[in-house]
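Right, one structure below, let's go through it.
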Protein chains: 2
Amino acid sequence: MVYPGQQPVGYADMAAELREQIRSGELRPGQRLPSERDLAETYGVSRLTASRAVAVLRNEGLIVSVRGYGYCVQTPPEVESVAAGSGDRVSTRPPTPEERAQYAVAAGYGVLVVTHADGLQDIYPGDRYEIVTEADSAHE
Amino acid sequence: MVYPGQQPVGYADMAAELREQIRSGELRPGQRLPSERDLAETYGVSRLTASRAVAVLRNEGLIVSVRGYGYCVQTPPEVESVAAGSGDRVSTRPPTPEERAQYAVAAGYGVLVVTHADGLQDIYPGDRYEIVTEADSAHE
DNA sequence: AGGTATTTGTTCGTATGTATA
DNA sequence: GTATACATACGAACAAATACC
């Protein structure tokens, strides 16, 4: 039973509030977040719960964490464009751990998979690339 | 082979082993996983650690969880194709919680964003859609 | 160079709630 | 109604990385 008027604050609620603060610009890119310990005290929860809340935002790619330092709001990277020819198919999927390490895909982001007519595939990190459809298929 | 008790097994190691079992086909789509309690006992860790391990795979979209039932390997859905015209740009990003609920995007997957020349954007769930580049831009 | 404090990362044990079988 | 199983949460402890002095 949930008591109306008083709010059971869970990690999901904490994540939602912090997410809104980032979306609204109250927390700006590069800005540091309070420590897990401070967040826990502010929201009246345990540190583990606060840790789970920020872990959600990290998995969404909104913030980054550095052990021994803390959390800060992710700064959106520059986007590179890659041309795709007529008939190419573009899809996305979560990266394998190997791909995440190889392409340094940001947390929460998938990879862009471009499948050509011959079946060959090109993989691009989804956080830094976009696919532009071109009339002529010029990919070497 | 599992070697319980030999070396410290963390949730990441557990997730890696289960991931490999899914990738190799040892665990097939639709197949049920052992319960968290059984996994914890098998690997010699606490239930919370086993829970975190399967949570990783769930976030990657490899398995799904049903409260009161358990975990089973995700069956890949049918993929629909959407045409994109010349000059359209295709990118991906993690879904907002609203988009995840609205489009029912599978865990771990992002959304496909098709930006047209006029700046308007179309959003597609990345787990069930692919973008096919066409010579003519015919989107209603 | 070294030492201490801070902060995140991980794990354990335990408890309660909720949904399914 | 009972048993099973996932979801959330707390406290405690230690490790690892960073920052500061």
Side-chain angles (χ1 to χ4, degrees), chain A residues 1-4 6-19 27 30-74 97 100-101 106-108, chain B residues 2-19 27 30-74 97 100-101 106-108:
Chain A
M1 181 61 184
V2 175
Y3 304 97
Q6 103 185 38
Q7 31 188 332
V9 177
Y11 79 95
D13 300 315
M14 279 189 63
E17 289 198 26
L18 293 171
R19 189 186 299 112
L27 290 172
Q31 187 172 345
R32 196 169 165 187
L33 270 67
S35 71
E36 292 182 355
R37 190 169 170 277
D38 289 345
L39 285 173
E41 188 172 344
T42 302
Y43 284 84
V45 298
S46 71
R47 186 178 81 91
L48 183 56
T49 298
S51 184
R52 292 188 67 179
V54 290
V56 170
L57 301 185
R58 186 183 48 196
N59 284 335
E60 293 173 0
L62 271 59
I63 62 179
V64 293
S65 66
V66 179
R67 171 149 50 169
Y69 175 73
Y71 296 84
C72 61
V73 181
Q74 177 70 283
R100 181 174 296 285
Chain B
V2 177
Y3 8 81
Q6 294 239 347
Q7 44 198 19
V9 176
Y11 79 95
D13 300 316
M14 278 190 65
E17 289 200 24
L18 294 171
R19 188 186 300 113
L27 291 171
Q31 186 172 344
R32 195 168 166 188
L33 270 66
S35 69
E36 290 185 352
R37 190 169 173 278
D38 288 345
L39 285 172
E41 188 172 343
T42 302
Y43 285 84
V45 298
S46 74
R47 194 179 75 81
L48 179 58
T49 298
S51 182
R52 294 189 67 179
V54 289
V56 169
L57 301 185
R58 186 182 50 195
N59 284 334
E60 293 174 358
L62 270 57
I63 63 179
V64 293
S65 66
V66 179
R67 176 144 56 171
Y69 174 71
Y71 296 85
C72 61
V73 181
Q74 177 70 283
R100 183 174 294 287

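Note that these values count all heavy atoms, side chains included, but never hydrogens, waters or copies made by symmetry. Letters A, B, ... are given to chains in the order of the sequence lines, protein chains preceding strands, and every chain is numbered from 1.
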Any side-chain heavy-atom pair of A:Leu18 and A:Tyr43 under 4.5 Å: yes
Can you sort out which residues in residues 33-41 of chain A have a heavy atom within less than 4.0 Å of DNA chain C? Ascending by number, please. A:Ser35, A:Glu36
Taking side chain to side chain contact (heavy atoms under 4.5 Å, CB included) as the test, write out the residues that go with A:Val66, two or more places apart. A:Tyr69
Send over the distance from A:Arg47 CZ to C:dG9 P, rounded to a whole Å. 9 Å
Does C:dT10 have its OP1 or OP2 closer than 4.0 Å to a side-chain nitrogen or oxygen of B:Tyr11? yes
Go ahead and name the base partner of D:dG1; Watson-Crick or wobble counts if both distances stay under 3.5 Å, otherwise write none. none
Under a 4.5 Å cut-off applied to non-hydrogen side-chain atoms, are B:Cys72 and B:Leu33 in contact? no
Which is it for A:Gln74 and A:Ile63 under the side chain to side chain contact (heavy atoms under 4.5 Å, CB included) test, yes or no, and what are the steps along the way? CA-CA 5 Å; A:Gln74 177 70 283; A:Ile63 62 179; 5.7 Å; no
What pairs of nitrogen or oxygen atoms, one from the protein and one from nucleotides 19-21 of chain C, lie under 3.5 Å apart?
residue	atom	partner	partner atom	Å
C:dT20	O4'	B:Arg67	O	3.4

With respect to the phosphate group of D:dA7, does any side-chain polar atom (N or O) of B:Ser65 fall under 4.0 Å of OP1 or OP2? yes
Quick check on A:Arg32: does its CZ atom have over 12 non-hydrogen neighbours (other residues, nucleotides or ligands) under 6.0 Å away? yes
Separation of atom CG in A:Asp13 from atom P in D:dA7, rounded to whole Å: 17 Å
List, one per line, each side-chain donor-acceptor pair under 3.5 Å for residues 47-54 of chain A, sequence neighbours excluded.
residue	atom	partner	partner atom	Å
A:Arg47	NH1	A:Glu36	OE1	2.6
A:Thr49	OG1	A:Ser46	OG	3.2
A:Ser51	OG	A:Glu36	OE2	3.0

Applying side chain to side chain contact (heavy atoms under 4.5 Å, CB included), name anything that partners A:Gln31, two or more places apart in sequence or on another chain. A:Leu27, A:Arg28
What heavy-atom pair brings A:Ser65 and A:Arg58 nearest, and what distance separates the two atoms? OG-NH1, 3.0 Å
B:Glu41 versus B:Pro34: any side-chain heavy-atom pair under 4.5 Å? no
Contact check, residues 50-61 of chain B vs DNA chain D, heavy-atom distance under 4.0 Å, returns B:Arg58
Of B:Leu48 and A:Tyr71, whose closest DNA chain C nucleotide lies nearer the 5' terminus? A:Tyr71
Pairwise side-chain contact, A:Leu62 with A:Val73, heavy-atom cut-off 4.5 Å (strictly under): no
Is any side-chain heavy atom of A:Tyr71 closer than 4.5 Å to one of A:Val64? no
